[in-house]
Amino acid sequence: MFFRSVLFLFVLNLPYLLFAQTVAVVSTTQIYDITKNIAGDDVKVLSILAPGQDPHTYSPVPADIEKVKSADIVIENGLHLEGKNWMKNLAADAKKPLVTASDGIVPLILEAHGEKINDPHAWFTPQNAAVYVNNITRALIRIDPEKKENFVMRAKLYLAQLRALDGWIKKEVSVIPPDRRVLVTNHDAFNYFAKEYGFVNTAPTGWSTGSEVGGGVTPERREKAVRSIKEMRVRTIFFETTINPKLIREIAADAGVRVGGSLYSDSMGDEGTPGETYIGMMRENVLKIVRGLK
Amino acid sequence: MRFLLTLAVWAVTAAVVLTFFVFRNNSSGSVEDVKNILPERDISIEITTTFSTEKDPFALNISDDKQKAFTVSLDGKAVYEADTGIEKGEPLILKAVKLSDGQHEVMVTSAPVSGAGDNAVRIRAVMDGVVLNDNTDWFTDGQEIVSVIRFDTGKTDGK
């Protein structure tokens with residue numbers, strides 16, 4: 001009877017044993033999209049953050065713990081994008097292997113209150129996104145080596161798309177005269193983009209929207225933003241999709257400039273919107289920046 | 001008794017026939033063997049580009065599959081790979097490439113060079129001072145560069 005029960009349970013679980021899918025749990029929407037482009041249908045990819053949620057200020061909920069428990073691998077952005085290291089902690093608590101997608105990127109250094117902080121918004125150039133692709137591809141091959149060929153072929157196609165995106169951005173921003181390439185947004189998220197494509201950027205809020213050192217809005221930063229806008233004769237400033245636009249609207253009124261709409265920054269757009277993919281969010285941002293500043 | 005004798009004769013005949021076929025298959029020689037007994041020729045492959053190469057930020061670099069920015073392959077096998085070192089207008093000459101008589105193919109691939117305008121790759125195959133093939137391919141700005149030439153080492157009368 002015992003053996004019959006064991007056999008019955010084995011047969012019952014056979015489909016799961018034969019067809020169980022590898023699971024990757026990722027922290028942000030950008031990493032979700034990049035991972036999906038490499039994993040295709042071979043890996044089930046789950047994201048902790050939903051579109052519109054802020055990685056700096058997010059606090060995990062019980063459902064996130066369950067998600068991470070089901071994971072074969074956990075992927076974070078790193079560079080302290082995930083405020084107070086919430087993704088690292090989730091992975092450590094569940095004893096799951098953690099991969100940092102930004103590993104190998106030389107971070108831009110931000111200074112605040114005498115402290116040096118690594119800028120975590122590294123995905124804002126296609127070149128850095130290519131580093132994410134390499135790290136994620138290696139990680140997926142490690143957990144599911146039988147699917148290596150699929151991962152590699154998809155990664156090569158996606159890298160070709162990132163290369164095309166980079167060339168397209170260079171051509172599109174070239175119509176903005178260099179002295180007008182000033183990007184004012186809510187928080188310091190666009191430094192990598194600005195450096196790569198020849199912009200100066202300034203923001204009333206620091207590198208994080210949360211309460212970390214160097215993060216948050218201060219009267220000094222707000223004042224500096226208004227001053228910079230006037231000195232640099234900026235015509236248009238932008239708010240970010242994940243942040244209340246009130247502050248940017250006030251600054252625009254103070255400085256006498258227009259608001260050029262919302263840019264995708266720490267999160268991508270909802271399903272069905274043009275910004276639901278990484279390439280889509282970069283494309284929509286560039287369209288708005290070019291229209292606003294040229 | 002007669003039955004056993006018939007069976008033994010049949011078995012010996014079958015073994016002889018099988019041995020014959022196995023021997024014939026082994027000794028007939030593959031195409032590879034035929035190529036090897038033909039004399040080899042020293043060929044030079046000259047490659048000139050209108051761009052300099054640099055490390056490709058969009059290359060896939062997983063542990064055993066590192067893509068280089070610039071590669072030359074001969075008959076499907078990589079014979080030269082580099083990220084840097086290819087300079088605009090300076091020919092890369094691969095000397096004393098030993099090839100048997102027959103058709104051969106050289107393929108040059110390079111990561112696109114963005115923002116540098118249109119690009120070109122010229123490939124020449126030269127044997128004993130005689131040009132076997134000389135071809136230049138043009139690529140639009142940002143286009144992935146793949147240029148192929150074929151040549152026949154049995155022919156020495158130019159293109």
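Chain letters run A, B, ... following the sequence lines, proteins first and then strands; every chain starts at 1. Hydrogens, waters and symmetry mates play no part in the numbers below; they use all other heavy atoms, side chains included.
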Q: Minimum heavy-atom separation for B:Pro57 to A:Ala130, with atom names?
A: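 Shortest heavy-atom separation between B:Pro57 and A:Ala130 comes out as O-CB, 3.3 Å.
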Q: Who are the side chain to side chain donor-acceptor pair (under 3.5 Å) partners of B:Arg150, not counting sequence neighbours?
A: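 Per chain and number, B:Arg150 pairs via side chain to side chain donor-acceptor pair (under 3.5 Å) with B:Glu105.
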Q: Distance check, rounded to the nearest 0.5 Å: A:Asn135 atom CG versus B:Ile62 atom CD1?
A: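 Output value for this atom pair is 12.0 Å.
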Q: Rounded to the nearest 0.5 Å, what separates atom OG1 in A:Thr137 from atom CG in B:Asn61?
A: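 So the OG1 of A:Thr137 and the CG of B:Asn61 are separated by 10.5 Å.
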Q: Please indicate whether A:Lys294 has more than 12 foreign heavy atoms, meaning atoms of other residues, nucleotides or ligands, lying under 6.0 Å from its NZ.
A: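 At most 12 heavy atoms, drawn from other residues, nucleotides or ligands, come within 6.0 Å of this atom.
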Q: Which atom pair, heavy atoms only, marks the closest approach of A:Asn134 to B:Ala59?
A: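 That closest heavy-atom pairing would be ND2-O, 3.0 Å.
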Q: Quick check: closest heavy atoms across A:Pro126 and B:Phe58, and the distance to 0.1 Å?
A: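 That would be O-CE2, 3.3 Å.
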Q: Quick one: list whatever passes salt bridge (Lys or Arg N to Asp or Glu O under 4.0 Å) with B:Asp83, sequence neighbours left out.
A: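 With neighbours one apart ignored, the set is B:Lys68.
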Q: State whether the number of non-hydrogen atoms from other residues, nucleotides or ligands found under 6.0 Å of A:Lys195 atom NZ is greater than 12.
A: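 Open.
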Q: Counting only heavy atoms from other residues, nucleotides and ligands, does the tally under 6.0 Å from CD of B:Glu81 exceed 12?
A: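 Enclosed: over 12 neighbouring heavy atoms sit under 6.0 Å from CD of B:Glu81.
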